[in-house]
Amino acid sequence: MENNVIISVENVAKSFPGVQALKGVSFKIRRGTTHCIIGENGAGKSTLMKILSGVQTATSGNIVVDGETVVFHNPAEALEFGVGTVYQELSNYQQLDVAHNMYCGMLPIKHGMLDWKKLHADTRKVLDEFGLTHVSPTDMMVSLSLGAQQMIEIAKLLIREARIVILDEPTSALTSVEVERLFELISTLKEKGVTVLFISHKLDEVKYLADDVTVLKDGQHVVTVENTEELTESQMIRYMVGRDVAYDYQAGTSEAGEVLMEVENMCYGGKTVQDFSFKLHRGEVIGISGLEGSGRTELFECIVGWKKKTSGTVKMNGKVCEIRNTTDASRCKIGYMTKERKHLGLFLSMSVQENISAAATERLSKKGIVQYSDRIKNANVFVDKMSIKISGLAQRVMNLSGGNQQKVLLGMWLSNEPDVLLIDEPTRGVDVGAKREIHVLIREAVKQGKGVVLISSEMPELMASCDRILVMHEGKLKGELKLGEYSEEKIMSLAYSNMQQVG
Amino acid sequence: MQLKEKNGIEKKQSRMMRLVMFAIDRREVTLVILILALGAFLTWVSPNFLSAANFSVMLNAIGTDIIVAVPMAFCMIAGHSDFSVGSNVCLSSILAGMAMNAGASPIVGILIGLACGAILGYIMGFAVNHKVPTFVATLGGMYAYRGIAMVLCGATSITGFERSFLNLGRFTIAGIRAPIIYAAIMIIIGHFVLKYVNFFHNAYYIGSNVSSATLAGINSKKYLSVAFTLTGLFCGVAGLVLCARVGSVSVNTATDLHFKNIVGLMVGGVSNHGGTGSLIGGMLGILFMQMLDNALVMLYIDPNYNQIFIGAILILAVALDQFVSDYRAKVHT
Ligand SMILES: Nc1ncnc2c1ncn2[C@@H]1O[C@H](COP(=O)(O)OP(=O)(O)OP(=O)(O)O)[C@@H](O)[C@H]1O
Ligand SMILES: [Mg+2]
């Protein structure tokens with residue numbers, strides 16, 4: 001029986017200045033299983049994974065791997081022992097190509113020189129094995145979708161013969177197709193006898209993947225149970241939150257008023273966005289659904305002038321807005337919250353207060369003079385409303401858990417009080433309870449006469465929160481669904497429409 | 001067993017690290033302590049140190065440096081170090097001096113100096129805003145501006161200014177000399193502006209993450225343009241004050257100003273990566289560096305060693321900065 005256990009976490013505690021992230025956690029992970037770890041934002045999941053993978057060391061307690069007590073001082077040591085990790089915030093070399101990322105630290109050498117041929121051939125082989133046939137070894141990492149990047153990170157671990165693979169919220173930014181591919185990969189890993197630790201806030205995924213589920217709450221271990229019939233999603237929520245959470249994201253609870261924003265014939269980069277037009281009314285939340293690469297994100301980027309549109313106009317309240325850059329967009333009262341919070345959103349080295357104030361510095365100053373008391377008041381409002389877990393407003397954002405960072409980003413954009421807010425993945429990495437709070441906040445803003453456009457790769461979330469859903473396919477508007485007509489099948493059939501006809 | 005030992009060591013280390021981090025987070029306090037300690041040491045070595053004359057000389061020397069350092073901090077917090085300032089000071093004061101020698105009134109001379117400084121600074125901002133890496137642009141400016149100065153005035157120095165102009169750098173109020181008064185005004189205004197004026201406070205956002213700042217609607221190009229132009233303008237001011245104080249100007253004026261200021265600011269916690277630091281900290285850093293300089297003189301150390309010293313401290317300051325941010329990333333991700 002003991003032989004069956006690959007990792008045993010024994011009384012592990014970890015404290016940071018002002019926070020006890022883990023308060024003595026013990027549980028066991030069985031060899032060759034997929035073990036899911038769930039819990040609210042800030043429960044300590046990532047911290048535990050970082051201890052397992054050597055990024056941090058525990059304040060007390062033991063980690064026993066294969067019967068041996070281990071202390072890893074850095075991820076390289078852990079990997080040597082067979083423990084590999086893909087972190088919540090991807091940490092690859094964005095400006096290097098795929099081959100260098102994959103073989104970083106073990107580049108093939110011939111006659112004392114880099115063997116380019118072998119490097120590219122090996123990389124090609126691995127990419128094909130992972131079904132990444134469309135990716136070339138010489139592609140820059142930045143140019144790839146998050147999904148592809150994630151696969152490459154996993155491939156990187158397997159080349160180094162990891163026996164234990166830790167995936168910290170790998171699916172939070174993936175489209176459903178990418179998620180499916182990832183799951184296939186996980187099941188092949190399992191066949192090879194690799195133990196997978198998987199963290200996710202998406203309980204359907206947990207239900208689907210897990211052999212065992214461990215629940216953490218406030219740094220404490222709640223249970224470790226086998227994923228049997230009895231373990232329903234609502235049971236998991238009860239373990240995590242301690243109560244039931246309504247799955248009510250408030251679709252259709254506000255009146256649509258006059259037209260607020262009109263986007264007409266938006267085009268970008270040949271086929272990326274083609275002739276896309278839509279109207280947004282005051283009091284409306286609309287969703288845009290589509291596969292990765294359907295041009296959803298680029299559409300947003302063109303509207304706010306982050307990318308240079310080929311043609312197209314944006315009208316606010318019937319008047320044409322000339323938007324060439326994001327400063328113009330903010331003058332027209334259009335805000336854009338990206339899904340890459342780390343690079344395009346937050347100011348990681350700055351405090352929670354400064355981050356929440358960032359997009360509203362003008363509103364939070366009087367005659368150009370910064371009003372610190374207003375900033376603090378405003379930040380506190382959002383910290384309370386979204387129950388952001390922080391040790392104080394002066395805490396640096398880089399020290400927050402992933403989900404709490406996301407909430408700070410949303411707070412920043414809601415503080416800005418734009419007339420139109422475009423949000424790419426509003427609840428990336430946010431736990432079930434907080435998700436609802438976020439949608440309630442978005443709806444509150446909308447009720448005051450604003451308009452919101454959401455992109456989400458989680459269809460159930462989109463259907464539960466939007467008054468209308470536009471489906472996008474290869475840059476074109478494929479159809480529109482009204483509240484009441486929603487179903488995953490309908491959306492999918494629109495999103496895939498052409499492909500199925502061709503295939 | 002082994003684990004416990006390791007944990008023990010780690011705890012000791014982390015207590016030490018906490019002290020180091022505290023010293024670095026409270027940079028101003030640390031610097032005040034260092035400055036006092038150095039002062040006490042120097043007084044012990046040479047009672048002459050505390051004399052009004054020595055102080056006056058020392059502060060006089062950094063007075064003009066600080067006039068430039070304040071707007072430089074505005075650039076550095078936004079993530080840009082300007083290497084062209086020394087040459088700008090030189091060129092704009094040479095132009096002003098030549099104009100006055102050619103018969104222009106002091107007022108016209110001053111206006112020419114200020115305009116020249118501002119334009120030279122604006123050019124730097126323009127280049128940076130058009131995707132020329134700051135290092136390259138301002139290093140280019142450093143050589144080009146100095147080159148123009150050499151072409152214009154050759155090996156001679158320009159002297160013979162009117163009394164009214166010279167007074168600009170020589171008046172005293174209650175025994176305090178002009179450059180110190182200018183510097184004090186700059187620091188007070190600079191501190192207020194950076195902390196409370198929204199447009200300038202945004203420098204922190206721009207320096208911390210320029211993409212995020214741009215998405216949040218902060219106009220980073222406009223900011224940089226203004227900050228570089230201001231830096232240039234105050235190079236003009238410093239050039240005029242220096243010229244009036246010394247009574248002459250030549251191509252050798254302010255040759256290592258950029259270096260002294262950047263090192264001082266960095267020692268004071270204004271990181272060259274941007275996003276952090278306060279004006280007061282930066283100024284304390286400059287004061288500290290000047291005192292070290294003074295110390296070397298008072299200890300009769302060959303001035304050539306001075307350069308070794310400044311260079312070494314620059315490298316140390318950068319290394320420390322890097323170490324601290326790495327440490328933060330490791331413990332706090
Ligand atoms: N370096 C740090 N300094 C201070 N506090 C920290 C640090 N790292 C984590 N914390 C705190 O520890 C707690 C647990 O964080 P952790 O990242 O493990 O949460 P999590 O369970 O992964 O949450 P999420 O689902 O949001 O990713 C949080 O309250 C967080 O603010
Ligand atoms: Mg996490």
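Proteins come first, then strands; the chains are lettered A, B, ... in the order of their sequence lines, and each starts at number 1.
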statement: Note: A:Met412 and B:Ala216 closest approach over all heavy atoms is CE-CB, 3.9 Å
statement: Between A:Glu354 and B:Tyr205 the two heavy atoms that sit nearest each other are O-OH, 2.5 Å
statement: d(A:Thr326 OG1, B:Ile218 CD1) to nearest 0.5 Å is 9.5 Å
query: Can you tell me if CZ on B:Phe126 sees more than 12 non-hydrogen neighbours from other groups inside 6.0 Å?
result: no
query: So what's closer than 4.5 Å to chain B heavy atoms on A:Thr338: side chain, backbone, both or neither?
result: side chain
- line: What one should report as the nearest heavy-atom pair of A:Trp306 and B:Ser211 is CH2-O, 3.9 Å
field: Option that, when pairs with chain B are counted at under 4.5 Å, heavy atom only, ranks first among A:Ser46, A:Ser365, A:Ala358, A:Gly305
entry: A:Ala358
Closest non-hydrogen atom pair, A:Val370 against B:His201: CG2-CB, 4.1 Å
- prompt: So how far is it from A:Leu348 CG to B:Ser212 OG, rounded to the nearest 0.5 Å?
  reply: 7.5 Å
field: Gap separating the OH atom of B:Tyr196 from the NZ atom of A:Lys366, nearest 0.5 angstrom
entry: 14.0 Å
query: Which of the residues A:Ser330, A:Gly345, A:Ala360, A:Ser401 is involved in the greatest number of heavy-atom pairs with chain B at under 4.5 angstrom?
result: A:Gly345
message: Side chains of A:Ser349 and B:Ser208 only: does a donor on one sit below 3.5 Å from an acceptor on the other?
response: yes
message: As a quick check of understanding, evaluate ring-ring contact (aromatic ring centres under 6.0 Å, His included) for A:Phe347 and B:Tyr204, giving each step before the final call.
response: CA-CA 9 Å; A:Phe347 304 87; B:Tyr204 287 98; over 10 Å; no
- request: Could you tell me which portion of A:Ser357 (side chain, backbone, both or neither) has an atom closer than 4.5 angstrom to a non-hydrogen atom of chain B?
  value: both
message: With a 4.5 angstrom heavy-atom cut-off, is it the side chain or the backbone of B:Lys221 that approaches chain A, or both, or neither?
response: neither
message: Could you check whether atom OH of B:Tyr122 has more than 12 heavy atoms from other residues, nucleotides or ligands sitting under 6.0 Å from it?
response: no
- line: With chain B, the option among A:Thr327, A:Ile369, A:Thr361 that has the most non-hydrogen atom pairs under 4.5 Å is A:Thr361
message: Between B:Asn209 (side chain only) and A:Leu346 (backbone N and O only), is there a donor and an acceptor less than 3.5 Å apart?
response: yes
message: Return the NE2 to CG distance between A:His343 and B:Leu215, rounded to the nearest 0.5 Å.
response: 13.0 Å
- request: Go through A:Tyr336, A:Trp413, A:Tyr372 and name the one with the most non-hydrogen pairs under 4.5 angstrom from chain B.
  value: A:Tyr372
- request: Quick one: pull up CD in A:Gln371 and CG in B:Asn198 and give me the separation to the nearest 0.5 Å.
  value: 10.0 Å
- prompt: Quick check: are there more than 12 heavy atoms from other residues, nucleotides or ligands sitting under 6.0 Å from CD of A:Glu417?
  reply: yes
